[in-house]
Amino acid sequence: MRSHLLNHLTAEDYRRSVTEGVARVAATLASVEQPFSGVGVDRLAPVVDAVDLDRPLGDTAAALDELSEVYLRDAVYFHHPRYLAHLNCPVVIPAVVGEAVLSAVNSSLDTWDQSAGGTLIERRLIDWTAGRIGLGPAADGVFTSGGTQSNLQALLLAREEAKVRPEDFSRLRVFASECSHFSVQKSAKLLGLGADAVVAVPVDREKRMQTVALAAALERCVAEGSVPMAVVATAGTTDFGSIDPLPGIAALCEQYAAWMHVDAAYGCGLLASPTRRSLLDGIERADSVTVDYHKSFFQPVSSSAVLVRDRATLRHATYHAEYLNPRRTVRERIPNQVDKSLQTTRRFDALKLWMTLRVMGADGVGELFDEVCELAAEGWRLLAADPRYDVVVEPRLSTLVFRYVPAHVTSPEDIDRANLHARKALFASGEAVVAGTEVGSRQYLKFTLLNPETTAADIAAVLDLIAGHAEQYLGESLERAS
Ligand SMILES: Cc1ncc(COP(=O)(O)O)c(C=O)c1O
């Protein structure tokens with residue numbers, strides 16, 4: 001049987017197979033007319049289930065033909081201008097080249113002896129990012145699998161730095177705005193904190209954490225004999241893109257000796273923005289920062305990092321194993337990234353960002369993010385002027401939260417149902433994909449704009465589609481009621 005292992009003997013086969021795969025994807029991307037086919041689970045699951053995994057096809061071309069049926073034909077395409085749903089970006093080509101290289105070479109970034117230059121590249125990018133944040137000379141960090149893991153690691157360090165004995169973990173409190181990401185709660189649970197460890201701090205009309213409320217909550221915490229372990233400021237909330245007031249939060253963290261973590265999973269794109277960097281002012285005072293390059297740096301999943309002001313704090317993630325990173329490697333100054341990471345075997349995701357910066361430069365990436373922020377501002381003007389819609393806040397970044405409100409009087413529940421229906425019907429048609437969320441226990445719709453190819457005309461067209469579906473639903477429900 002022909003060898004499928006990639007090595008010096010199979011280089012030609014590798015070139016042919018990968019070229020074949022790339023050709024299929026390129027042809028698919030060029031021909032995709034809408035972001036989604038609209039296929040339902042009921043129709044697609046039997047196609048996937050019918051594949052006999054114990055009978056290999058033995059041939060790349062045949063496997064790619066099959067892949068068209070089970071995946072490519074019905075995938076959700078983020079590069080399409082009418083994919084407006086979640087925090088997923090179309091990816092830049094240099095990063096995709098990086099992805100192809102890293103999986104072929106297959107470096108693992110846990111130790112120097114499995115990666116060599118890969119480790120140095122990752123370290124340069126950590127330093128580059130920390131420099132853009134302004135974390136100072138002792139900063140460090142590590143690439144992670146995503147914002148969830150970055151937040152978890154940051155809070156692990158914060159818990160350890162709080163210097164509280166495990167039997168007192170239930171006294172630890174983490175403050176985060178009511179619009180913060182759910183991974184903060186998940187992290188608290190994983191870290192063994194109490195059920196009420198995460199204190200939800202109210203937000204203002206712009207969906208930014210209220211510092212006055214934070215100050216009051218911190219004071220209460222101390223008065224009750226609890227310990228303010230950390231404040232998580234969000235720089236780019238998932239729904240609204242709102243940025244918490246970082247300087248005010250930093251001052252309170254200093255006052256209460258609480259760890260300041262900035263979750264900039266979404267807003268990190270501002271670090272490269274030629275015009276909007278000032279929105280992150282105050283981030284340089286953080287103890288730790290989450291950045292998701294796979295959100296606003298147009299990188300393929302996964303590409304994320306956690307950065308810290310003081311590299312010594314990363315020791316809380318350090319374990320030495322004789323087989324991998326024995327203690328002596330520290331004395332020998334061997335750079336083993338596993339000493340800083342929650343993971344062991346770890347992808348060389350950094351290569352994608354490296355290729356991106358080397359081909360496009362930071363400004364090139366930042367300008368793409370600027371474009372989507374400008375598009376969101378245009379979308380907001382459209383929505384604010386459209387009597388069919390109620391829009392929540394003027395965007396700071398690139399999301400829009402809004403809902404269809406019919407001209408005729410109907411109940412709030414009907415409006416909720418009409419919006420839910422519109423989102424579902426749109427997804428089933430595949431013509432556009434939008435997200436949804438809840439605001440004040442009412443159902444809203446959400447556009448997350450991360451595709452610079454999307455135009456105001458696309459936004460207007462999708463708003464018409466939504467209105468059409470919502471009206472149709474309300475019309476039919478009136479008929480049902482009569
Ligand atoms: C503000 C914020 N933090 C963290 C995360 C989690 O990131 P990931 O999905 O990469 O784990 C998200 C995801 O949307 C987010 O919006």
Side-chain angles (χ1 to χ4, degrees), residues 78-79 86-103 109 118-119 121-133 135 139-154 181 183 234-236 238 241 262-274 276-277 279-280 283 286 288-308 337 340-343 346-373 397-398 448-452:
F78 303 156
H79 77 284
H86 301 288
L87 271 166
N88 311 112
C89 51
V91 292
V92 290
I93 294 170
V96 180
V97 175
E99 183 75 63
V101 174
L102 74 92
S103 56
L109 279 255
T119 284
I121 285 175
E122 172 167 315
R123 288 185 156 212
R124 280 290 306 276
L125 289 169
I126 289 292
D127 290 347
W128 179 85
T129 308
R132 291 237 158 197
I133 297 172
L135 284 178
D140 199 358
V142 70
F143 272 64
T144 68
S145 62
T148 302
Q149 189 189 126
S150 295
N151 285 346
L152 173 64
Q153 179 160 356
H181 193 257
S183 53
T234 312
T238 317
V262 178
D263 178 357
Y266 175 18
C268 63
L270 297 172
L271 294 172
S273 161
R276 289 173 165 77
R277 169 62 180 80
L279 289 173
L280 290 179
I283 196 172
S288 56
V289 179
T290 288
V291 291
D292 265 6
Y293 308 106
H294 63 212
K295 290 186 171 52
S296 46
F297 272 72
F298 304 93
Q299 299 294 294
V301 175
S302 56
S303 184
S304 177
V306 62
L307 290 304
V308 294
Q337 294 292 83
K340 311 172 190 176
S341 175
L342 300 187
Q343 293 169 256
R346 195 163 52 83
R347 289 167 54 83
F348 182 20
D349 285 320
L351 183 60
K352 296 177 281 192
L353 181 61
W354 180 270
M355 289 297 289
T356 302
L357 295 181
R358 298 312 298 137
V359 176
M360 297 171 60
D363 282 359
V365 179
E367 280 159 13
L368 291 178
F369 192 53
D370 275 355
E371 277 182 48
V372 293
C373 293
L397 300 181
S398 65
T448 307
L449 303 169
L450 279 175
N451 188 346

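Just so you know, these numbers come straight off a predicted model, no measurement behind them.
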- Message: If we count only N and O atoms by modelled type, under 3.5 Å, do the side chains of Ser273 and Asp370 hold a donor and an acceptor together?
- Response: yes
- Message: For the residue pair Ser150 / Thr144, report whether a side-chain donor-acceptor contact shorter than 3.5 Å exists.
- Response: yes
Contacts of [X] that satisfy side chain to side chain contact (heavy atoms under 4.5 Å, CB included) - sequence neighbours left out:
X	answer
Ala362	Trp128, Arg132, Ala272, Leu357
Cys268	Ala264, Leu271, Val291, Ser296, Phe297
Leu342	Gln149, Leu152, Gln153, Leu156, Ala317

- Inspect the contact between Arg347 and Glu122 and indicate whether a charged nitrogen and a carboxylate oxygen are less than 4.0 angstrom apart. no
Any side-chain heavy atom of [X] sitting closer than 4.5 Å to one from [Y]?
X	Y	value
Leu397	Tyr266	yes
Phe78	Leu450	no
Val91	Glu99	no
Phe298	Phe369	yes
Asp349	Tyr293	no
Met355	Val101	no

Compare every heavy atom of [Y] with every heavy atom of [X], then report the nearest pair and how far apart it is.
X	Y	answer
His181	Thr238	CD2-OG1, 3.5 Å
Gln343	Phe143	OE1-O, 4.4 Å
Ile126	Gly141	CG2-N, 3.4 Å
Asp292	Gly146	OD1-C, 3.5 Å
Gly118	Leu109	O-CD1, 3.4 Å
Glu371	Pro452	OE1-CB, 3.5 Å

If you measure from [atom1] on [X] to [atom2] on [Y], what distance do you get to the nearest 0.5 Å?
X	Y	atom1	atom2	result
Leu270	Arg276	CG	CZ	8.0 Å
Ser398	Leu87	OG	CG	7.0 Å
Leu307	Thr290	CG	OG1	8.5 Å
Arg346	Lys340	CZ	NZ	9.0 Å

- Message: Thr356 and side chain to side chain contact (heavy atoms under 4.5 Å, CB included): which single residue from Ile93, Leu351, Val92 fits?
- Response: Val92
- Note on the structure: Which of Ile283, Thr129, Val306, Asp263 passes side chain to side chain contact (heavy atoms under 4.5 Å, CB included) with Val289? Answer is Ile283
- Message: I'd like to know if the side chain of Gln299 reaches the main chain of Leu353, judged simply by a donor and an acceptor atom lying under 3.5 Å from each other, with no hydrogens or angles considered.
- Response: yes
- Using atom types as modelled and distance alone, determine if a side-chain donor or acceptor of Asn451 lies under 3.5 Å from a backbone N or O of His79. yes
- Message: Check this for me: Arg277, atom CZ, are more than 12 non-hydrogen atoms of other residues, nucleotides or ligands nearer than 6.0 Å?
- Response: yes
